[in-house]
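Note that these values count all heavy atoms, side chains included, but never hydrogens, waters or copies made by symmetry. Not measured: the values here are computed from a predicted model.
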Amino acid sequence: MANPADRSSSIDESADDESPLEEIAAGVTIGLILTVAFGLLALGVPWFWIAFPIGFAGVLPAVMGLVKLYERRRHRQTAPGGRRSEANSSDARDALETLRERYARGELTDEQFERRLDRLLETETLEDVERRDRARGDRDRDRDRGRGRERERDSAVELE
């Protein structure tokens with residue numbers, strides 16, 4: 001048989017999953033629902049009781065859903081895959097430093113450095129830069145292979 005203390009600890013753990021914003025929104029909403037319902041009762045309105053089902057079955061879930069939606073969107077914007085991430089800005093700084101080092105070692109031409117620098121500064125994530133580099137590298141290789149074949153054909157035609 002399950003120990004009642006175990007059940008209460010699991011209830012406490014699930015209650016801790018709420019963020020402070022959710023707790024505040026729930027508290028304010030419940031307070032407003034009770035104020036409206038008991039205000040209607042104090043005014044002698046015979047249908048005051050309707051405020052309870054409307055408030056607790058409609059308004060409270062709607063408010064909590066909106067708060068969770070807001071937090072999810074805010075989290076996405078600050079998460080590693082989001083637009084304003086501290087990790088992404090440090091990754092961008094690392095990529096910029098790597099780019100500068102490769103340029104200083106002579107691995108990149110001026111044109112390649114400028115092109116990659118522009119792409120790095122206008123992109124949001126390091127993964128985007130790497131994906132574009134790979135795609136552009138594939139296109140450049142294909143283009144260079146095509147030029148090589150043209151040169152071979154041209155030289156073969158000149159020999160004939």
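Two different hydrophobic clusters hold Leu69 and Val28 under the rule that ILVMFWY side chains link at heavy-atom gaps under 4.5 Å. With hydrophobic clusters built from ILVMFWY side chains whose heavy atoms lie under 4.5 angstrom apart, Val36 shares a cluster with Leu60. Hydrophobic clustering keeps Val59 apart from Leu66 (ILVMFWY residues linked when any side-chain heavy atoms are closer than 4.5 Å, directly or through intermediates). Under the 4.5 Å side-chain heavy-atom criterion for Ile, Leu, Val, Met, Phe, Trp and Tyr, Phe48 and Leu32 are members of distinct hydrophobic clusters.
Partners of Phe38 by side chain to side chain contact (heavy atoms under 4.5 Å, CB included), not counting sequence neighbours, listed by chain and number: Leu34, Leu41, Phe52. Taking Arg102 as the reference, Glu107 meet the side chain to side chain donor-acceptor pair (under 3.5 Å) condition, with sequence neighbours excluded. Judged as a side chain to side chain donor-acceptor pair (under 3.5 Å), and not counting sequence neighbours, the contacts of Glu71 are Ser19.
Each side-chain hydrogen bond (donor to acceptor under 3.5 Å, both in side chains) pair with one or both residues in residues 34-62, not counting sequence neighbours, would appear here, but there are none. The salt bridge (Lys or Arg N to Asp or Glu O under 4.0 Å) contacts involving residues 30-48 comprise nothing, where partners must be two or more places apart or lie in separate chains. Sorted by first and then second residue, the salt bridge (Lys or Arg N to Asp or Glu O under 4.0 Å) pairs involving residues 56-69 (not counting sequence neighbours) are Glu22-Lys68.
In plain terms, the two heavy atoms of Leu108 and Tyr103 that are nearest each other are O-CD1, 3.7 Å. Contact record, Ala25 with Val67: CB-CG2, 3.6 Å, taken as the closest heavy-atom pair. Taking each heavy atom of Ile33 and Ala51 in turn, the nearest pair found is CG2-O, 3.8 Å.
Residue Ile50 holds its CD1 atom at 11.0 Å from CG of Leu40, rounded to the nearest 0.5 Å. Atom CG of Leu99 and atom CZ of Arg119 lie 9.5 Å apart (nearest 0.5 Å). Atom CZ in Arg100 sits 14.0 Å away from atom CZ in Arg105 (nearest 0.5 Å). For the atom pair CD (Glu23) and CE (Met64), the distance works out to 8.5 Å, reported to the nearest 0.5 Å.
Side chain of Gln112 to main chain of Thr109: a donor-acceptor pair is present (N/O by atom type, distance under 3.5 Å, no hydrogens or angles).
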